[in-house]
Amino acid sequence: MITQQQSVVAPNALKPKTTKLGINLAIAYSVFAAAVVGTFAGKSFAPNGFELVVANHYDLWFCVGLALVGWVFRSVGGHKGAIITMTILSCFIILTLNQGQLVRYLSLSALLFSMGMYGMGQSRNAVRVLISIELMLNAVNLNLIAFSRYVDPIQLKGQLFAIFVLTVAAAEAAVGLAIVLQLYRNTSTVDMNRFNLLKW
Amino acid sequence: MSYDNLTALLSLPVMETWMFYVLSALAICLGVGVLHDRVVIRSGFILIGVFGTIAGFFLLLSAQFLAMAQIMIYAVAITLVVVIALMLTNPRLEAERTAEPDDDNMPAMAKFFASCKRNMTLWISAFSFITLYVAISGENRWPVAGLPVAKDQVKVIGEALTTTYSIPFEFSSVLLLAALMGAIMIAKNEPLHDPDEEPKKAIEDSKTQENNLALTR
């Protein structure tokens, strides 16, 4: 855990860092709020969903506690990744605690898929983009196997599809990393912003 | 504890819920670590943990064959290839992205929109997750069959792969062979000029020079 004790001593040096951290934290907590709104929207499709949430509000309290722990981390000057992880985890737990088992697995795979999508769009290293694609393919596999467990447990079509996805993922990793190696030889960089060979 | 006892224990709803949340906490933390860690090779090694926890999910979903295949293919082979590629390339990027200075005179809305523009991918992924969740959740949305899992899963998978899905199976083997050869061809470091062409070119150059000399005389 990175503490910022030195910057507390010098308040002038603290200021730009806190604004940046504040923006990031505002984003994290707005995502959290959007997830809470989303859970009520999702529950409202079901009959008596809202009453169910109000009746079992232990998960809400759990979530508030996690958010408080995140706030304590932030006030100590905690690591950004810890705050983000805590936010995502609390969102995930509040969203899935009252759901069925299949929906839990599906929402976990949706979460992993969107995390992979974020990494694919945001990272500048080409190899990290490939890692994010692997994460997305894994989320798809989890989805297929959850379906084959709960919807089709006799014929196991989902597991067969997952085997083919595994094969294609292996091929994709080999070819993609070979392309990255060749690009590195030609341009001597792996920065995604500098791959402008096809630019006219 | 024998294997049947373990499956019986894992099929209890409370136990499965606890295992699910422990594994999902691990998977989310390690996934954030993969995306957030500044050192790329460390994130490549954290990827082994993510794949391992997903193999744990497969075991929880009683897909033992695919859990083993996941560990063998993803957690060992693909991670090894990724790490080797990281060692062969230079993951150090030239310059960190220059952080745009937050102007204190900017109004709050402008600051908000600037941060939105900077974190566009985050917003897109969060919005896609919420959309997916709203589409997924809700009761009685999926036709969940309350059947127990088949005992001989490997037999079912093997029979389906050799009878019903035999043509895609063969095509996937051809695809793997083609991808392997293509990867080797792409990654092979071949020189830009053929070494035999150099002396020929020199000879031709000298000939043209002689011709030019003869013409000038």
Side-chain angles (χ1 to χ4, degrees), chain A residues 19 23 27 31 34 38 41-42 45-46 81 84-85 88-89 92 95 99 102-104 106-108 110-112 114-115 117-119 121-122 124-125 127-128 131 134 138 142 145-146 149-151 153-154 156 159-160 162 164 166-167 170-171 173-175 177-182 184 190-191, chain B residues 20 24-25 28-29 31-32 34-36 40 47 54 57-58 61-63 66 69 73 78 81-82 85-86 88-89 91 93-94 102 115 119 121-122 125-126 128-130 132-134 136-139 142-145 147 149-150 153 156-157 160 165 168 172 175-176 179-180 182-183 186-187:
Chain A
T19 51
I23 287 173
I27 288 164
V31 170
F45 289 127
I84 293 171
T85 311
I88 293 174
L89 204 63
F92 177 70
L95 286 177
Q99 301 282 351
L102 176 60
V103 179
R104 279 179 194 159
L106 295 189
S107 35
L108 177 72
L111 181 60
L112 283 178
S114 10
M115 275 164 62
M117 196 195 289
Y118 170 71
Q122 194 75 6
R124 299 171 66 211
N125 196 332
V127 182
R128 204 194 282 259
I131 287 174
E134 296 299 330
N138 248 301
L142 184 60
I145 290 179
R149 166 74 177 79
Y150 287 110
V151 178
I154 301 299
L156 302 173
Q159 293 197 20
L160 288 159
F164 290 120
L166 222 70
T167 314
V175 174
L177 288 166
I179 288 172
V180 167
L181 276 186
Q182 194 64 25
Y184 176 69
V190 284
D191 196 344
Chain B
F20 174 77
S24 64
I28 290 169
C29 293
V32 173
V34 165
L35 298 183
H36 190 262
V40 187
L47 197 64
I54 289 176
F57 280 119
F58 290 174
L61 287 166
S62 64
L66 267 157
I73 294 175
I78 288 183
V81 171
V82 165
L86 279 175
L88 287 179
T89 59
L93 301 180
E94 277 79 11
D102 283 333
S115 80
N119 297 302
T121 331
L122 179 65
S125 53
S128 72
F129 170 68
I130 290 171
L132 276 175
Y133 176 75
V134 171
I136 284 166
S137 66
E139 291 175 21
W142 305 105
V144 176
L147 299 170
V149 198
Q153 288 194 351
V156 173
I157 291 172
Y165 297 94
S172 74
L175 171 77
L176 268 182
L180 203 68
I186 292 171

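Computed from heavy atoms alone, side chains included, the values below leave out hydrogens, waters and symmetry copies.
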Query raised in the report: Between B:Ile78, B:Val34, B:Ile73, which has the largest tally of heavy atom pairs under 4.5 Å with chain A?
Result: B:Ile78
Query - Gap between atom CD of A:Gln159 and atom CZ of B:Phe58 - 0.5 Å precision - result: 9.0 Å
Query raised in the report: Which bit of B:Leu88 comes within less than 4.5 Å of chain A, counting heavy atoms only: side chain, backbone, both or neither?
Result: both
Report summary line: Heaviest contributor of heavy-atom pairs below 4.5 Å to chain B, chosen from A:Met117, A:Arg128, A:Met115, is A:Arg128
Report summary line: Okay, A:Tyr118 and chain B: the region with an atom under 4.5 Å from a heavy atom over there is both
Report summary line: If one checks every heavy atom of A:Leu111 against chain B at 4.5 Å, the contacting part turns out to be both
Requested in this report: Identify which part of A:Ile145 has an atom lying under 4.5 Å from any heavy atom of chain B, answering side chain, backbone, both or neither.
Outcome: both
Requested in this report: Could you tell me which of A:Ile179, A:Ile131, A:Val180, A:Ile154 has the largest number of non-hydrogen atom pairs under 4.5 Å with chain B?
Outcome: A:Ile131
Report summary line: Heaviest contributor of heavy-atom pairs below 4.5 Å to chain A, chosen from B:Pro168, B:Ala160, B:Gly31, is B:Pro168
Query raised in the report: Of all heavy-atom pairs between B:Ala179 and A:Val175, which one has the smallest distance, and what is that distance?
Result: O-CG2, 3.7 Å
Query - Test item: B:Gln153 side-chain N/O and B:Ser62 main-chain N/O as donor-acceptor pair under 3.5 Å - result: yes
Query raised in the report: Is chain A contacted by the side chain of B:Tyr165, its backbone, both, or neither, given a heavy-atom distance below 4.5 Å?
Result: both
Query raised in the report: Relative to chain A, which of B:Val81, B:Leu132, B:Ile28 shows the most heavy atom pairs under 4.5 Å?
Result: B:Ile28
**Report entry** Minimum-distance pair of heavy atoms, taken over all atoms of A:Phe92 and B:Ser24
**Finding:** CE2-OG, 3.6 Å
**Report entry** Side chains of B:Leu176 and B:Leu180 in contact at under 4.5 Å (non-hydrogen atoms)
**Finding:** no
Query - Residue part contacting chain B, namely of A:Tyr184, when any heavy atom lies under 4.5 Å - result: side chain
Query - Residue selection (most heavy-atom pairs with chain B, distance under 4.5 Å) from A:Leu112, A:Ile88, A:Val151 - result: A:Val151
Query - pair B:Tyr133-A:Leu106: side-chain heavy atoms closer than 4.5 Å - result: no
Report task. Look up atom OH in A:Tyr150 and atom CZ in A:Arg104, then write down how far apart they are to the nearest 0.5 Å. Result -> 8.5 Å
Query - Contact class of A:Leu108 relative to chain B, heavy atoms under 4.5 angstrom - result: side chain
**Report entry** A:Leu142 side chain near B:Leu61 side chain, heavy-atom distance below 4.5 Å
**Finding:** yes
Query raised in the report: Could you give the distance from CG (B:Leu47) to CD (A:Glu134), rounded to the nearest 0.5 Å?
Result: 7.5 Å
Query raised in the report: Going from CD on A:Gln122 to OG1 on B:Thr121, what distance comes out if it is rounded to the nearest 0.5 angstrom?
Result: 4.0 Å
Query - Top contributor to chain A interface from B:Ser125, B:Ser128, B:Ala69 [non-hydrogen pairs under 4.5 Å] - result: B:Ser125
Requested in this report: Measure distances from B:Val156 to the heavy atoms of chain A and classify the residue's part below 4.5 Å as side chain, backbone, both or neither.
Outcome: side chain
